[in-house]
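One structure is given below, encoded as structure tokens.
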Number of protein chains: 2
Amino acid sequence: MTADRRARRRQETLEEILDLAEAVMTEEGVNGLSLAEVARRLGVQPPSLYKYFPSLMSVYDALFLRGQHEHLRVVRDAMGGAEPGLAAIQAGLDAGGRWCLENRALAQLLFWRPVPSFEASPEALEPSVEMIALIRNALTEAVAAGELGPGGDSDEAIQLISILTSGTLTQAMANEPQLPWGKGRFSPLFPKLIALLPAAYPPTAPPTRRRARPKALEPTT
Amino acid sequence: MTADRRARRRQETLEEILDLAEAVMTEEGVNGLSLAEVARRLGVQPPSLYKYFPSLMSVYDALFLRGQHEHLRVVRDAMGGAEPGLAAIQAGLDAGGRWCLENRALAQLLFWRPVPSFEASPEALEPSVEMIALIRNALTEAVAAGELGPGGDSDEAIQLISILTSGTLTQAMANEPQLPWGKGRFSPLFPKLIALLPAAYPPTAPPTRRRARPKALEPTT
DNA sequence: GTCTATATTATGATAGAC
DNA sequence: GTCTATCATAATATAGAC
């Protein structure tokens, strides 16, 4: 059916608009996004964009939503490929950090909120609920395995991790705008920061044996 | 002499322009600063502002410079009123955090760099050199007192502290825009984060006795 | 040091022809 | 779903009168 083709083509255009919007934000700042500039790059006149998005804010919201989903997927996939517990958190947030530095404009939109007039829709905030659940689940496993002690899977522990993550990202994005994750003075410190968690929530008993050999921690990297 | 009065009046106007610019940034985002809006609030026509600042970017630079100096002064004063070592870092960065949440627009300009077209002048970056020296000095004292072990006053340790600080601030500013320092889910965790430093750089010997009674740690707060 | 007037350019958004 | 035309508004910045 041609309706399929048309719908697919429309979806492609929608994504292309968002891609171009990301590029504009990267160059002009998140707050510097303008539909006219996106239209210019897409090779159409500004009014044409209103067939795809009803307003500038709706573009921000679509970007926010797409960013949340991509970020969540990257973190979830990396956690799934790692040993449970702290190693999963390490692997997930490491992959998340890499994604953020590869998608700086989106990361700033998600984690800095630099556009006061933009309020993310409730739907766009849902992925962050799952993100928190993922982290808490891994923390609970870490506590069960004796990697962390009491309070290691509390709200406070999650907030602590979010501070470590956003601090690393903020310093990297603000001070080393062109370096990727893993390079420079800040992001290489992230593993060290996560390794401090047991000091914050010290295990009361010696850790139980891990399910697999420690050597096999990162077999696919 | 009337020249004095005139110079003083001019200085007052300069400061008033910067105050109004801060207010605009707070409401419209750092990137949303506009000279026309500042002129409106000052009750003059936009061209009049060009007698005080040659361009929009020069206003950003003056804001950056003023912010750096204020922030440095606040941190330096708080460190001077505390015991040397980790307690000084704790006190200094705590006061610095409070200042940041009371001056969010400036803090974002200083630490997020959300305006890609704005590059701070070398002069405006000087206070951050002294800030680093202050922290390093306190870290060296902490090492000497046995609070921290080897590496406790390294570049890496300073970067670690900057991550903890900017992470706490970023989470507070993005997620709890109206709460002051010390309230909410994030900034109260800051002392806990600083307390993790000895775990990152463990003392090799038991700490030597502190110079004063621990009770007197925060006598003026 | 203030103003008016102006140049130049930009924006978000809508109406309506094709 | 694209366009032209348009509305309404905004911005930075300069020239020049007072």
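Letters A, B, ... mirror the listed sequences (proteins, then strands); counts begin at 1.
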Rounded to whole angstroms, how far apart are CZ on B:Arg6 and P on C:dT2? 13 Å
Take atom NZ of B:Lys51 and atom P of C:dC3, then tell me their distance rounded to the nearest Å. 12 Å
If you look at every strand shown and take non-hydrogen atoms under 4.0 Å, does B:Ser48 touch a base, only sugar-phosphate, or nothing? base
Check ion pair B:Arg66-B:Glu15 (N to O, under 4.0 angstrom): yes
Nearest-nucleotide check on DNA chain C, B:Arg9 vs A:Met57; residue mapping nearer the 5' end is B:Arg9
For a quick test of reading the model, state the closest non-hydrogen atom pair linking B:Ala174 to A:Trp112 and the distance between them. CB-O, 3.8 Å
Return no unless some side-chain N or O of A:Tyr52 is found under 4.0 Å from OP1 or OP2 of D:dT2. yes
A:Gln45 CD to C:dA10 P, in whole Å, measures 14 Å
Could you state the atom-to-atom distance from CG of A:Leu35 to P of C:dA13 in whole Å? 7 Å
Interatomic distance, A:Tyr60 OH vs C:dT11 C1' [rounded to whole Å]: 12 Å
Between the side chains of B:Asp4 and B:Arg8, is the shortest nitrogen-to-carboxylate-oxygen separation below 4.0 Å, so that they form an ion pair? no
What contact category does B:Arg40 fall into here, base, sugar-phosphate, or nothing, at under 4.0 angstrom with non-hydrogen atoms? sugar-phosphate
Protein-nucleotide distance (B:Leu42, atom CG; C:dT2, atom P), rounded to Å: 8 Å
Could you tell me whether A:Pro47 contacts a base, only the sugar-phosphate backbone, or nothing, with contacts defined as non-hydrogen atoms closer than 4.0 Å? base
Roughly, in whole Å, what's the span from CG in A:Leu49 to C1' in C:dT11? 13 Å
Report yes or no: do B:Thr170 and A:Ser166 form a side-chain donor-acceptor pair below 3.5 Å? no
Can you measure A:Tyr50 atom OH to C:dT11 atom P for me and round it to whole angstrom units? 11 Å
